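Please read all numbers here as calculations on a predicted model, not as lab measurements. Proteins get letters first, then strands, A, B, ... in listed order; numbering begins at 1 in each.
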Amino acid sequence: MKRITDLSSFNAAHEAGLKKLLPAAGRIAVGMGTCGVGNGAEGLYHALSDGIQGRGLGFHLAQVGCYGPCSEEPLVNVWLPGKPLVILHKVQAQDVAALLDDLSAGRIPEELALCKVEEWDHITGRVKYGSGLPDLPKWDEIPFFAGQSKIVLRNCGLINPGDIEEYLAVGGYQALYKVLIDANPEMVIEQIKAAKLRGRGGAGYQTGLKWDMLRKAVADQKYLICNADEGDPGAYMNRNEIEGDPHGLIEGMVIGGYVTGATEGILYVRAEYPLAVHRLNLAIQEAEERGLLGENILGRGFSFKLSLVEGAGAFVCGEETALIQSLEGRAGRPTPRPPYPAESGLWGTPTNINNVETWYNVAPIVVKGPAWFTETGSPKSPGTKVFSLVGKVQRTGLVEMPLGTPLKTFVYDIGGGAPPMKTVKSVQTGGPSGGCIPKEMFDTPVDYETLAQLGSIMGSGGMVVMDEDNCMVDVARYFIEFTHSESCGKCVPCRVGLDQMLAILNRFTAGKATEADLGMLDELSRMIRDMSLCGLGQTAPNPVLTTLRHFRQEFEDHLRAHRCRAGVCENLALSPCENSCPLHMNIPRFLELLKADRLEDAFLSVVMDNPLPASTGRVCQHPCDNRCRRAGIDEAVNMRDVHCYIADSIYKGGRYDEMIERVLQHRFPPTGRKVAIVGAGPTGLTCAFYLAMMGHSVTVYENNADAGGMLRYALPEYRLPKSVLDDELKLIYRLGVEFVFNSVVGETITLNDLSTMYDGVFLSIGTWKETWVYLPGTELKGVLHALPFLEALSKEEQVPLGRKVVVIGGGNAAIDSARTALRMGAEVTVIYRRERKDMPAIPEETEAAEDEGVKYVFLAAPHRIVSGEEGGVVAIECAKTTLGEFDSSGRRKPVPTGEIQRFECDTVILAVGETVDLDFLKASGLKLKEKEKMLDVSPFTLETSRSNFYAGGDLISGASNVSNAMGYGKKAARNMDQKLMGAFRWPKLWPEFEYSMVPPAHVSECRRHHIHELPADERAKGFMEAVTGLTAVEAMEETGRCLRCDIREGNH
Amino acid sequence: MDSKITIRIDGELVKADRGSTIFETAKAAGKRIPGLCNMKGLKPVGACRLCMVEVAGVNRLLPSCTTPAQEGMSVTIHSARLDAYRKQALELLLSERNHVCAVCVSNGHCELQSLATALGVTNVRYGYRYPKLGVDLSHPRYVLDHNRCILCTRCVRVCAEVEGAHVWDIAGRGIHSMLTCEMNRTWGGSRNCTSCGKCVQVCPTGALAEKGFAVEEMVKRTTSVERLAVVRGGSR
Amino acid sequence: MMVADSVELKREDREFIDSLVSKHRGRPGMLLTILESIQENHPQRYLPDDFLEYLAARMGMPTAQVYSVVTFYSLFNLKPQGKHTVCICRGTACHTRGSLRLLEGVRLQLGLREGEEEGSADKMTGTTADGKFTVRTVACFGQCALAPVAEVDHRILGHVNERALEREVEYLRKARR
Amino acid sequence: MSGQAKVKLATAWLDGCSGCHMSLLDVDELLVALVERVELVYGPLVDAPEYPDAVDVALVEGAVSSVGDQKLAQTIRAKTRILISLGDCAVTSNVPSMRNTIPVQKLLERVYIEGADAAQAIPADGVPALLRHAVPLADVVKVDIHIPGCPPKPGAIAHVLTSLLDGKKPELTGLVKFG
């Protein structure tokens, strides 16, 4: 290898590199970062090289670093002369044969292509690939890369890290050459200062000032250190930078050495990054051979020695003084500052330490100047920062964004938001020294100061997205557990303080915390932050302080309600499924009882946890399926349909009366207390059941003529037969619950009457008022609202329905109306303003409707209802919408495009949701929440502002679903009884169940069973139930699939 | 530049030698700053954090034992925040290991105990950890009781800087840090220990003691090490 | 500093250490690099006490300081490691994707109880009695896009679920070598 | 808390050595003043089977080491306005806590079987079970004032009692020490 000693040999190497980058025969490059290899890139590379040799093709095959989008790996770049560079994604070894056929025929396989690059700005140079392939998006047009600007990652994924000539080809070492020729170190430092480059390790200290201090220090030996310890969990940008472009780091350090007068540099790299260490050593060797490192660089008389030291697994060594202690052969325990390393660092000599990413910004500033650098980023922090976007987000990877970009852009635009059926809850930035930022604050620009104001820090750039399955208390505990195990143990606040904080947080996640613990956490966090010796201790409490500040209600939930909504803290729940069930049914118990063929005991267990098992068994949206651990093996256990089978078997099995007697045996003796319940919907019925079971005398006031609320008057017969509902109501009637029908509270009886006649009152009137729709033409004949339409049908009233019906809306009410109208012989189209995946309706219902012939039109918002001559409806005009910004619900807001679509129809059913009856609330005199105009109740007891008056269900939560509403009824009953009787009698209501607590020896391998749908055309004709439940054998097999997560070391 | 500078401590003007730390300046002016790991004659390490002070114009607390006094500095030793933080630091130390003062050889002569009294620590609000720790009786004349050790590393420093044997060091990290004699040997089995006993004299608690003393009888001669260090021109 | 006379090391071990010491004398990070080389070179990938005593003597460094360094960094092992290593990543992304359950699963599979871990509880390195398996954790592999990540004998397994890891370990357990 | 009606004072003796009670008696001449204003209603120094209701001040000596101690502590807390942990055992679990690193079962076997030469059996009936750890009083119930010391100085006890009787908040800084 020829040494480069002058301009001509420099340009010769540059040309040689270009020939490899743009070879006449075309080039194939495989992304071989560690994560690429983890995704099978190695096998892919060998398949390609065998293929090329086998067929004697001339393609130049190279290994390159990672281009950034990890979720698209393995990545392969292909280039044919004259054409743009095309990035192929998710390439498997078996695609190689077809790929080589296409390439050798001069074609690019478009189906594998992700994006194309026509011309690439390497900042230190430009490479023109070619134009063409019009329908393939450019690299910065696809969502993941939109808005990114690659300065630090300029070469990653494009050049071969193992070949110095490819680095030279894109203008590498040009900045070094310029600095050596200008021989004006002060001017370079001024440039770095003018560019206001701030340290990318996390603290954000001005790099120019640090270099200036080192330059002015007088000593015969000065050191430069590159901090590549990157111990932050969730951060891997330094690894990819080194693996993709090692020479960029070397060039930065040599310039730094020349400018500050340091003659030796040390690269302190983590031992957990073997590939980065290997490629860096290779690059150092190559640079020394070519005269760009070591003795007499480029023949200009400057010498700079660079050596690599592998860290040995200590996060604290990311702190500069600890790193120096580690290099001096001691344990990595930080030393007090002053003295600062710039005055007395490694072996007492002046030393300057910068993070990997900071070094990568040096060459661009030298080549393009500070003015160009300050164009990107924010005024106080110019330039870009590389973030590792990971966690519960659809597109993960390395993202280099200008500083000051709002969090929203990262999570939604680049990351694509949470996976389907999930919503993002928060983002954790800055690793163990950072904090959790709630989704309400996603407009915050990502910058040193703005993140600090929220209590977090930018830190290394780790960005972990979390959804509602993540418990923030557990996240805080996780980070304290991390810093506690990485604390060096030298200073008291961090060593012992973190241990005590971990003990407190463990008590929270185990449900054993006390009120004092909440205050202690806050006080201890501030003490550790203010008193610790080094950055580790000073920032360790940030995760706790930010979660206490932004997610305090989660701490209170764990403390007072002993509940972990995310279902992560296992001790706070019997099992993940029980935790997710709004009624907290002991699911493992009834599965085990049925498995032991004890149907009646299983029914008792089910009905005591959920008084309407057959109704919920048909209409519940089964949140338990999302938390079932069986999904980790194949699919979730079908819990809802098993408890539906159990209930149906008893109701039709002839021994229902004996079972009712058995339930009544567990009833508490009469307490002499009288309770009134307003509203006989599922919420009211549940509350009535439990209060009656606890011996109170219960009277239910209902404005309709019969009990059931939505179950009777909104859910169509094919979904919930009235006979099933009546079976279930028999139990409640037998409990002696009195019903007063056709009575409207506020008219036939007032709240004041109730408070005098009863010891306690529970309001559960649900949400029956239709949301007001701003749509011209709603006053026309033929325009109906969903609920009144379904209600009228349930009361067998005559409803005038046209031949062609349009339903507006995407919830359950919309689908129920559509399928009902279909059964009445109409042709039905459902119009929804977002996409299918955003529809709140239960997926099985949407699919079943489609099979029955319902048409769907998405991304269309109602614009105008057109009336015919005699005032009837003839058509509806809708505006096509596109999806714009993400709103706070984590879904994209539909934005009308102005293009109008016209649908011929004679009936329009509006199913855009129901709200609370506001006039009832205002008249009730109860305290309301100001902005949401909802009833203000205590989150833990559901008591309203008027003592002994409680409220629950849709009335306080807004339109929701049956099981959530019933959950409120159950919770209210528990609290009302506790207040009425002054004792917590609730647990005694449940009988002792004897059932096996031995983990299943071998878990059945069979897959999940589903209920059986009648053929679409047959069920579309009438209102008979559209599905038949599980058979006995299927239900029994389903019970065998349960992993019994309720069995733990302690309890058997 | 003349060798004297003036700084203000708790509002009072005080003369100080250039280069001396705030801790030494305050001590010379008769203003005691609490501290457990610092000792004249040994290199300060800033581990116990009890000597933290507020300095006007600096938005974070500074360890007075390692921060040099600078002309015109205005230092606050006692403030509500500092006193509360120091009490918390003492409570953390008392909760970390088994400090059963009633049956300790240093009862009544222990710097940790007297600081707790001076700062009004009447109880420990954190949960006691009750770690299982050993007692090393292998040395003919001395005892090492890990239950009383607060990891202040005075013994490590005196053995390395003054005696030069470097027998002691800290093994492990975080809450699992332990004082170790050479390669985790028993004290009696040490190869380099000269049995000079300096480590016993500098130990602020009952962790290192001479054999033959019962409860409340172990009194340490700390001034001996200070004089020796000054004679040998130890750092500051 | 007395030379460690009482230490009888095999000749090639002494020569190996001597060569390392002379190669790295005076270099920054010398002790770390030498310790890493010794451990990598040892068949059971750990640092026997007599090796450390000899190294301290050769480098003129107090044995207490060498012991302090060896016990401070999580990479160094003072006990023989199993033939196979299963390493579970406990980074943030992996934690939020359930790597704790992976760890408990593999420890249960190999019969490693709480008590067997030496070192701090949260470092959680445990070796099976038959010396075939060592289960350890690492704070972050830098593979967060593949979370949850496990490494079995230097091979990275991305998006690993409990069953896949169980199969991997079972395969190694039955394999003869 | 001055006023004519006599102040109801209770003392209790959990896992301790009664040294604190002796220290209480060592307040010497103050006892005379106390007798007029204070009525001792419960404790080892008084014959009262049940812990009375509405006690004003309770001095509790000893660590909480058994289920029996725990129940008594909770009863005292429920029926007392001002609860004082008296002496190091109650304040820091002191000497009793030296058994905490030994699992309870091993401890009982070592003492009652290996250590016993006759009737080698672990006592069960009528003896409350040992807790996993002997813990300070404040770990089990909320404590209002702590008087450390082994034994606590009579002067400190006197200062606390007289301050409370005069309705003042006692200030123990500098007056008390552990051990």
Side-chain angles (χ1 to χ4, degrees), chain B residues 32 34 78 80 83-84 86-87 90-135 145-148 150 204-206 209 213-219, chain D residues 16-17 19-20 23 60 62-65 83-104 106-107 131-140 142-153 156 159-160 169-179:
Chain B
R32 292 286 301 145
H78 291 291
D83 292 344
R86 287 186 188 122
K87 282 177 79 171
L90 286 173
E91 284 178 81
L92 285 176
L93 274 175
L94 291 168
S95 73
E96 184 185 19
R97 294 189 171 191
N98 304 316
H99 294 285
V100 189
C101 303
V103 290
C104 176
V105 288
S106 292
N107 187 7
H109 317 289
C110 161
E111 292 180 36
L112 174 64
Q113 185 182 37
S114 41
L115 252 185
T117 307
L119 294 181
V121 175
T122 58
N123 66 308
V124 174
R125 293 164 303 142
Y126 304 117
Y128 283 92
R129 296 187 55 251
Y130 306 122
K132 189 169 178 50
L133 298 168
V135 178
D145 180 351
H146 286 285
N147 294 290
R148 307 294 194 264
I150 60 169
T205 68
F213 288 96
V215 172
E216 292 184 33
E217 289 177 348
M218 182 70 219
V219 182
Chain D
C17 69
C20 297
S23 193
V60 178
V64 179
S65 183
L83 180 57
I84 302 171
S85 51
L86 178 65
D88 269 5
C89 291
V91 172
T92 73
S93 68
N94 201 18
V95 172
S97 72
M98 291 172 76
R99 66 130 170 128
N100 284 354
T101 53
I102 306 158
V104 172
K106 254 209 209 101
L107 181 78
L131 294 173
R132 171 72 190 84
H133 285 156
V135 290
L137 190 59
D139 266 27
V140 174
K142 185 172 165 313
V143 169
D144 305 304
I145 299 168
H146 299 269
I147 311 176
C150 178
K153 295 202 190 72
H159 166 72
V160 167
K169 189 173 174 311
E171 180 40 62
L172 289 168
T173 311
L175 260 179
V176 288
K177 78 173 182 61
F178 293 110

Of the backbone (N, CA, C, O) and the side chain (C-beta and beyond), which part of [X] lies under 4.5 Å from a heavy atom of chain D, both, or neither?
| X | answer |
| --- | --- |
| Y130(B) | both |
| L133(B) | neither |
| A116(B) | side chain |

Is it the side chain or the backbone of [X] that comes within 4.5 Å of chain B heavy atoms, both, or neither?
| X | value |
| --- | --- |
| V135(D) | both |
| N100(D) | side chain |
| A134(D) | backbone |

Distance-minimising heavy-atom pair for [X] and [Y]:
| X | Y | result |
| --- | --- | --- |
| A102(B) | C150(D) | CB-SG, 3.4 Å |
| N123(B) | H146(D) | ND2-NE2, 3.1 Å |
| V100(B) | S97(D) | CG2-OG, 4.5 Å |

Measuring from [X]:[atom1] to [Y]:[atom2], what's the distance to the nearest 0.5 Å?
| X | Y | atom1 | atom2 | value |
| --- | --- | --- | --- | --- |
| R129(B) | H133(D) | CZ | NE2 | 11.0 Å |
| N94(D) | N98(B) | CG | CG | 11.5 Å |
| I102(D) | K132(B) | CD1 | NZ | 6.0 Å |
| T122(B) | K177(D) | OG1 | NZ | 15.0 Å |

Using the side-chain contact (heavy atoms from CB on, under 4.5 Å) rule, take V103(B) and V95(D) through it: C-alpha gap first, then chi angles, then the decisive distance, then the call.
CA-CA 8 Å; V103(B) 290; V95(D) 172; 3.9 Å; yes

Donor-acceptor under 3.5 Å (Q113(B) side chain, F178(D) main chain)
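Judged by distance alone, yes, a pair lies under 3.5 Å.
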
Looking at R32(B), I'd like to know if its CZ atom is crowded, meaning that more than 12 non-hydrogen atoms belonging to other residues, nucleotides or ligands lie closer than 6.0 Å.
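12 or below, so no.
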
Among L172(D), V143(D), V176(D), L175(D), which residue has the highest count of heavy-atom pairs closer than 4.5 Å to chain B?
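Of L172(D), V143(D), V176(D), L175(D), V176(D) has the most heavy-atom pairs under 4.5 Å with chain B.
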
